Amino acid sequence: MATDAMRPLGASGGSSSARLGSSLHVKGEITGSEDLQIDGSVEGLIQLDERKLTVGATAKVTADIIAREVVVYGTVKGNLRAKDRIEIKKDGSVNGDLTTSRIMIEDGAYFKGSIEIDKSADKDKDTHSAFAKSSSPAPAGKTI
């Protein structure tokens, strides 16, 4: 029944992942460098910069989320920032602003907020030219 807890680290394959069970309630900040699946409730901040966060169907998350990839089956209230992509599944619910380079919202999903498609992750080499264009001096005022 609890064989996952007894399994040595690394015995599950190449990538490490963690799971927050449905009966667990966390208030505070979660940071880490492994994939995470949440089935319980979380209030605060979730920061998994280069990893995947899965919000399970029974999860209730009231937090800002920063991750490489976010998949939502449950309920999220907060802003999501994903370097790669955000997916909101058909029974998922998100109330907050999304910033990502790729987005997928399935039919039946609930979403309220704004979406910003961040192309800088895809075009790192174009970043310098984009900044050069936007950093031109402001136009001079009236000449007297």
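Residue indices begin at 1 and follow the sequence shown. Hydrogens, waters and symmetry mates are skipped; everything else that's a heavy atom, side chains included, is used. Keep in mind it's a predicted model, so treat the numbers as computed, not measured.
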Salt-bridge criterion met for K90 and D107 (N-O under 4.0 Å): no
Over 12 non-hydrogen atoms of neighbours within 6.0 angstrom of NZ in K89: yes
Common cluster, I115/V76, ILVMFWY with side-chain heavy-atom separation under 4.5 Å: yes
Nearest heavy atoms of R19 and L36, plus distance in Å: N-CD1, 4.2 Å
Residue of the set N79, L98, D97, T99 for which side-chain contact (heavy atoms from CB on, under 4.5 Å) holds with S114: D97
Shortest non-hydrogen separation from D64 to L45 and the atoms involved: O-CD1, 3.4 Å
Exercise: identify the closest heavy-atom pair between G74 and V72: O-CG1, 3.4 Å
Minimum side-chain heavy-atom gap L53-I38 below 4.5 Å: yes
Of N95, V94, I103, the residue whose pairing with F111 passes side-chain contact (heavy atoms from CB on, under 4.5 Å): V94
Pair E34 + R51, salt bridge at N-O below 4.0 Å: no
Nearest non-hydrogen partners of S33 and S16, listed with the distance: O-OG, 4.3 Å
Minimum side-chain heavy-atom gap R81-D118 below 4.5 Å: yes
T31 to E29 - nearest heavy-atom pair and separation: CG2-OE2, 3.3 Å
Heavy-atom closest pair, residues I88 and A109: CG2-CB, 3.6 Å
